[in-house]
Amino acid sequence: MRGWLGRGRGTSSYVQAADEWRGTTVQVCGLWPFSIGAGTPMVGVPIGRHIHTGATLCCDPISWFQRAKLISNPSAFVLGKPGLGKSTLIRRMALGLAGYGVMPLVLGDLKPDYVDLIEALGGQVITLGRGRGYLNVLDPGEATAAAARLSGTARQQVLADAHGRRHTMVAALLTIMRSAPPTDREETILDRALKVLDERHPGVPVLGDLLRVVQEGPDEVRAVALDRGDDTRYRAITENLEASLIGLVGGGRLGETFSRPTTNPMKRDAPVVYDVSAIDDSEMDLQAATLLACWSAGFGTVNVANALADAGLEPRRHYFVILDELWRALRAGRGMVDRVDALTRLNRQRGVGMAMISHTMSDLLALPTEEDRMKARGFVERSGMVICGGLPSAEMPQLTAAVPFSRAEQELLVGWQDPPAWDPATGREAEPPGRGKFLVKVGGRPGIPVSVQLTAAEASINDTNKLWHDRSRIGSAAAQPVPAQEGAL
């Protein structure tokens, strides 16, 4: 096999690998049986190559749902230990889908990981945080302008949706402020006060305007408060509600983030990222409230776009919603699990694809109540595809309880989470064995192991270690030798 032995007879100690060629069955039909099929889907965003066969894998939840009909729900759940490339994988999907005309929406970037991507796509970056930006929860956004273009039932539905979202957001802020939901009577008062505000207030109101309506007590609000015509009784009924609204307006735990006019209104015809990385992890209440407000504003914009498309006034737009660091969002406060649960059940009807990212199943099952834990587990079970990177062996029982994995697939995932080896030649750690490697699972089908491969143009938007490029120089001046002075001992 290596040639004839002997001097000058052409023996070789190395056999060069044969060239590989790919082609369609029409092009290479005459070479059968020496050609083999790729065996991986070629519909969607190119992700990388099959680890064993080298075949290209194209994969994203929207293309596999809309075009390939491989999944019944346009959603993906990504699991894997930190540093193995989960966000990089989703950025590649978002970038490819943007080329197909799908708008990426990052409704709460906590690190941030997606600001560079959205800027490169010419999208909108909305920064929120103390002193950095404001998001008025009473702002109907583009709903008012869209309603003016609509008529009949469509117009009423858009206005009703905007009213419901504002009412829900005020109630959610009160829940976070009090650590308990408002009473039924208080919610009714808020609903009627918002309607009075819409009728009487010119322009876009803020929370301070809503507080004044409650304090003034117009007849419509007094009627639902059941004050029986007694002003003293009305003050007693609305005292707790008034105190909570004062806390929202006056800069309590949530600051003034939601009580001022919106600094950067969201657009429906461009990629958008809400950069909330300036909010410290210790401010759990503010983080929870901001995430809820971002989700409310984002899906409100999606509803407006769908209403205009249904009426034939604008082209149909599809959106790719990214919920990264999902475990932090779920633990941020009460009501977050229910909010995500509603989104995962309605994304197909809303015309949006969704990608949810977390580290392990243990993150989802570490919620305080059994009810929330069961709902969080349902996020994985209902996802159209589950994409797993390196995971510890202790995660396998919880993971296989939600999605079936073979023994070989489990061993593959466990091997990818091993730490990198030390390279004595360079004096540094080698590449982690599981970086960029994922297993794509759809139901009970065999998983597709893929190695994500990035292009040179993507390097700048996938650098999450920018703050570590420069070495610290603190103390360098102190390290310089001090010249001796005359008379010094």
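Results of the side-chain hydrogen bond (donor to acceptor under 3.5 Å, both in side chains) test with Arg222 over Asp227, Thr238, Asp230 single out Asp227 as the only residue that passes. Among the candidates Thr290, Leu107, Thr127, Leu286, the single residue satisfying the side chain to side chain contact (heavy atoms under 4.5 Å, CB included) test with Val276 is Thr290.
Counting heavy atoms of neighbouring residues, nucleotides and ligands inside a 6.0 Å radius, atom CG of Asp231 exceeds 12 of them. Counted within 6.0 Å of NZ on Lys375, heavy atoms from surrounding residues, nucleotides or ligands total more than 12; the atom is thus considered enclosed.
Nearest heavy-atom pair, Met169 versus Ser296, reported as atom, atom and distance to 0.1 Å: CG-OG, 3.5 Å. The two residues Tyr134 and Glu256 come nearest to each other via the heavy atoms CD2-O, 3.1 Å. Shortest non-hydrogen contact noted between Pro61 and Met354 is CG-O, 4.2 Å. Scanning all heavy atoms of the two residues, the minimum distance from Asp269 to Arg317 falls at CB-NH2, 3.6 Å. Of all the heavy atoms in Gly353 and Ile62, the pair that sits closest is CA-CG1, 3.8 Å. When all heavy atoms of Val249 and Ser259 are compared, the pair lying nearest together is O-OG, 3.8 Å.
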**Request:** Take Ser277 and Asp109, measure what side chain to side chain donor-acceptor pair (under 3.5 Å) needs, and give me the verdict at the end.
**Result:** CA-CA 6 Å; Ser277 59; Asp109 192 355; over 6 Å; no

**Message:** Assess the residue pair Arg316 and Asp310 against the criterion (salt bridge (Lys or Arg N to Asp or Glu O under 4.0 Å)); give the C-alpha distance rounded to whole Å, side-chain angles, the decisive distance to 0.1 Å, and a yes or no.
**Reply:** CA-CA 8 Å; Arg316 178 71 63 184; Asp310 292 339; 2.5 Å; yes

**Prompt:** Hey, mind stepping through Glu458 and Arg92 against salt bridge (Lys or Arg N to Asp or Glu O under 4.0 Å) and telling me if it holds?
**Reply:** CA-CA 8 Å; Glu458 294 175 276; Arg92 161 58 72 87; 2.6 Å; yes

**Message:** Show, in sequence, the C-alpha distance, side-chain angles and deciding distance for Glu381 and Arg377, and conclude whether the salt bridge (Lys or Arg N to Asp or Glu O under 4.0 Å) test is met.
**Reply:** CA-CA 7 Å; Glu381 296 173 343; Arg377 177 178 168 179; 2.9 Å; yes

**Chi angles and distances behind the side chain to side chain contact (heavy atoms under 4.5 Å, CB included) call for Leu138, Val206** = CA-CA 6 Å; Leu138 298 186; Val206 294; 5.5 Å; no

**Item:** Candidate pair Ser244 and Arg178, rule side chain to side chain donor-acceptor pair (under 3.5 Å), full reasoning
**Value:** CA-CA 8 Å; Ser244 298; Arg178 300 176 174 182; 2.8 Å; yes

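One distance of note links CG of Leu291 with CG of Leu323; it measures 9.0 Å at 0.5 Å rounding. Expressed to the nearest 0.5 Å, how far CG of Asp191 lies from CZ of Arg166 amounts to 10.5 Å. Here NZ of Lys81 is found 14.0 Å from SG of Cys388. Values are rounded to the nearest 0.5 Å. Taking CG of Asp60 as the start and CG of Leu95 as the end, the distance is 11.5 Å to the nearest 0.5 Å.
A 4.5 Å side-chain heavy-atom check between Leu105 and Trp295 finds every atom pair outside the cut-off.
Proximity of a side-chain donor or acceptor of Gln215 to a complementary backbone N or O of Glu242 within less than 3.5 Å is not detected. Side-chain N or O atoms of Asn264 include one that pairs as donor or acceptor with a backbone N or O of Val125 at under 3.5 Å. The backbone N or O of Pro140 lies less than 3.5 Å from no partner atom in the side chain of Thr144, so there is not a single donor-acceptor pair. In this structure, the side chain of Arg91 engages the main chain of Asp113 through a donor-acceptor pair within 3.5 Å. Glu119 places no side-chain N or O within donor-acceptor distance of the main-chain N or O of Tyr114, the cut-off being under 3.5 Å. At distances below 3.5 Å, not a single donor-acceptor pair connects side-chain atoms of Arg268 with backbone N or O atoms of Ala305. Of the possible donor and acceptor atoms, one in the side chain of Lys86 sits under 3.5 Å from a partner among the backbone N and O of Gly80. Side chain of Glu142 to backbone of Val304: no donor-acceptor contact under 3.5 angstrom is found. Judged purely by atom type and a 3.5 angstrom limit, Ser75 uses its side chain to pair as donor or acceptor with the backbone of Gly384. A donor-acceptor pair under 3.5 Å links the side-chain atoms of Glu186 to the main chain of Thr183, judged by distance alone.
Both the sub-6.0 Å distance and the 45° axial angle are satisfied by Arg67 relative to the ring of Tyr100.
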